[in-house]
There are 2 protein chains.
Amino acid sequence: MTAPATEPTNSRRSELLAIAAGLFAEKGFKNTTVRDIADAAGILSGSLYHHFDSKESMVDEILRTFQEELFGQYDEILAGGLDPAAKLEQAVLVSFEAIDKHRDEVAIFQNDAAYLLTFDRFSYLADRNQQSREVWLTLLQNGIDAGVLRADLDLELTYRFIRDTVWVAVSWYRPGGRRTHTEIARQYLSILFEGIATPAG
Amino acid sequence: MTAPATEPTNSRRSELLAIAAGLFAEKGFKNTTVRDIADAAGILSGSLYHHFDSKESMVDEILRTFQEELFGQYDEILAGGLDPAAKLEQAVLVSFEAIDKHRDEVAIFQNDAAYLLTFDRFSYLADRNQQSREVWLTLLQNGIDAGVLRADLDLELTYRFIRDTVWVAVSWYRPGGRRTHTEIARQYLSILFEGIATPAG
DNA sequence: GTCTATAGATGGATAGAC
DNA sequence: GTCTATCCATCTATAGAC
């Protein structure tokens, strides 16, 4: 039971990471200074280095934690017993839920992954991109094999369209807005599966 | 006929802007230094200031020129005599063509508009966002009125879906790849209008 | 755990020679 | 039109006092 002993430290650490995540998401990683983070936390920039090695370490910890959780959810869906269409639906719903629950982390990944990938220590982000591709391609291929998805689609393009549309929503979605993240996901799924044209036309 | 006299200057200017645009698109505006641009142009950073006031002036000129052309095309489509579905189709095709012909400019706008909007001189970017919204909403509303688009869709969400999916393609599209920009646009339109589900299902 | 103080690097931009 | 040389602001990170 070491939890009580380490909890105060960890909660302060989490607090600082949350502040940093908010700024990284809002202004971008490169454009956020350690002074910005320290100011927002009510301390001086030098004090941050008591908690973290560097600015990079902060964003590293933020992204790792988030991605472990997200990909854990994808793995559960893939391993679950739902039919192919329902699995695809679940993956979309889980993604929109991530945009709601972890807006900052998603935004950071969307905006700064390309830049961070130029550093060796962030090479795991490329692995996650690859893993994400495999998840969506598997879901789509299973849907085609089961006959519920059109077989004439370019799989790679369809994957990119889904991935991009889902994640780019982080740029405009705000919790407490006119639509819940679930409503947005449902509307999106309706367009994705049935299209915007009238059935007759 | 002053063109011959100013052409050498203008072509050098255009050359430098093209180099800057490539770097801005690749690394981001903030993350590109004037020394990067000068190095790529084979001159020293101080020499750049003979051609441009500042780094901001460069990206300003790049974005203004591009957006004038793009919105000119949208206006032509709106004013043209095509039926609503064909107009929407044309707007998508023109956008994918822009991704092909002006990849750097689209990428800069996608990645750095939020940051640039924090400066007064780039407030026109907000006007262009508003104008873009009106173009797509008009095209969609006309389609619904004409009965070719589903009336049960959330117009605002559908607009965002289209806008995001079209422009985000700049992050992965490369000229000379497996698919031309027109083929990608056609596939995209197929998904957008008809969905990915099998018609029977 | 935070502060004071500052090192060391890098950034945008300028002045004047050529 | 480019180069030399440099200013000044800003940034990440460190060392040691409290």
Side-chain angles (χ1 to χ4, degrees), chain A residues 2 4-24 26-63 108 111-112 115-116 118-122, chain B residues 2 4-24 26-63 108 111-112 115-116 118-122:
Chain A
T2 56
T6 56
E7 213 163 73
T9 303
N10 284 341
S11 74
R12 179 56 168 159
R13 192 182 178 79
S14 304
E15 202 181 341
L16 292 171
L17 282 179
I19 290 168
L23 290 168
F24 291 156
E26 184 193 331
K27 311 168 44 154
F29 176 74
K30 180 95 177 181
N31 194 35
T32 300
T33 71
V34 292
R35 284 186 181 85
D36 289 335
I37 301 168
D39 283 354
I43 58 177
L44 292 188
S45 64
S47 306
L48 271 182
Y49 290 84
H50 174 74
H51 302 276
F52 304 99
D53 281 348
S54 64
K55 198 172 85 163
E56 283 175 25
S57 294
M58 291 187 220
V59 76
D60 195 344
E61 194 165 332
I62 290 166
L63 291 179
I108 296 167
N111 297 328
D112 293 312
Y115 170 70
L116 295 173
T118 63
F119 301 98
D120 280 348
R121 72 177 295 172
F122 292 103
Chain B
T2 56
T6 56
E7 212 164 75
T9 302
N10 283 341
S11 74
R12 179 56 169 158
R13 192 182 178 81
S14 304
E15 201 181 340
L16 291 171
L17 281 179
I19 289 167
L23 289 168
F24 291 156
E26 183 194 331
K27 310 168 44 153
F29 175 74
K30 181 93 178 181
N31 194 33
T32 301
T33 72
V34 292
R35 285 183 179 83
D36 289 336
I37 301 168
D39 282 354
I43 58 178
L44 292 188
S45 64
S47 306
L48 271 181
Y49 290 84
H50 173 74
H51 301 276
F52 305 99
D53 280 348
S54 65
K55 196 173 88 164
E56 283 176 26
S57 294
M58 291 188 219
V59 76
D60 195 344
E61 194 165 331
I62 290 165
L63 290 179
I108 295 167
N111 298 328
D112 293 312
Y115 171 70
L116 295 173
T118 63
F119 302 97
D120 281 347
R121 73 178 295 173
F122 292 103

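Every chain is numbered from 1 and lettered A, B, ... according to where its sequence line falls, protein lines coming before strand lines.
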What's the shortest heavy-atom distance between [X] and [Y], and which atoms?
X        : Y        : value
B:Phe29  : B:Lys55  : O-NZ, 3.0 Å
B:Tyr115 : B:Thr118 : O-OG1, 2.6 Å
B:Ala41  : B:Arg12  : O-NH2, 4.1 Å

Nearest-neighbour nucleotide for the [X] side chain, [options] considered:
X       : options               : result
B:Thr33 : D:dA13, C:dT2, C:dG11 : C:dG11
A:His51 : C:dA13, C:dG1, D:dT12 : C:dG1
A:Lys55 : D:dA13, D:dC3, C:dG12 : D:dA13
A:Leu44 : D:dC11, D:dA13, C:dT4 : C:dT4
A:Ile43 : D:dT2, C:dC3, D:dT12  : C:dC3
A:His50 : C:dT2, D:dT12, D:dC3  : C:dT2

Using whole Å, report how far [atom1] of [X] lies from [atom2] of [N].
X       : N      : atom1 : atom2 : result
B:Asp39 : C:dG11 : CG    : C1'   : 14 Å
A:Asn31 : C:dG11 : CG    : P     : 14 Å
B:Glu56 : C:dG11 : CD    : P     : 17 Å
B:Arg35 : D:dT10 : CZ    : P     : 16 Å
B:Ile37 : C:dA13 : CD1   : C1'   : 13 Å
A:Leu48 : D:dA15 : CG    : P     : 17 Å
A:Phe52 : D:dT14 : CZ    : P     : 15 Å
B:Asp60 : C:dG12 : CG    : C1'   : 17 Å

**Q.** Residue mapping more 5' on DNA chain C - nearest nucleotide basis, A:Lys30 or A:Ser45
**A.** A:Ser45
**Q.** Under-3.5 Å donor-acceptor pair between B:Arg12 side chain and D:dG1 base
**A.** no
Q. Are any of B:Tyr49's side-chain N or O atoms less than 4.0 Å away from OP1 or OP2 of C:dT14?
A. no
Q) Between A:Ser47 and C:dC3, is there a side-chain N or O to OP1/OP2 distance below 4.0 Å? A) yes
Q.
For B:Asp36 and B:Thr33, which I'm curious about, is there any donor-acceptor pair between the side chains at under 3.5 Å?
A. yes
Q) Does the side chain of A:Ser14 pick up a donor-acceptor pair with the side chain of A:Ser11 at under 3.5 Å? A) no
Q. So what does A:Ser57 touch, heavy atoms closer than 4.0 Å: a base, only the sugar-phosphate, or nothing?
A. nothing
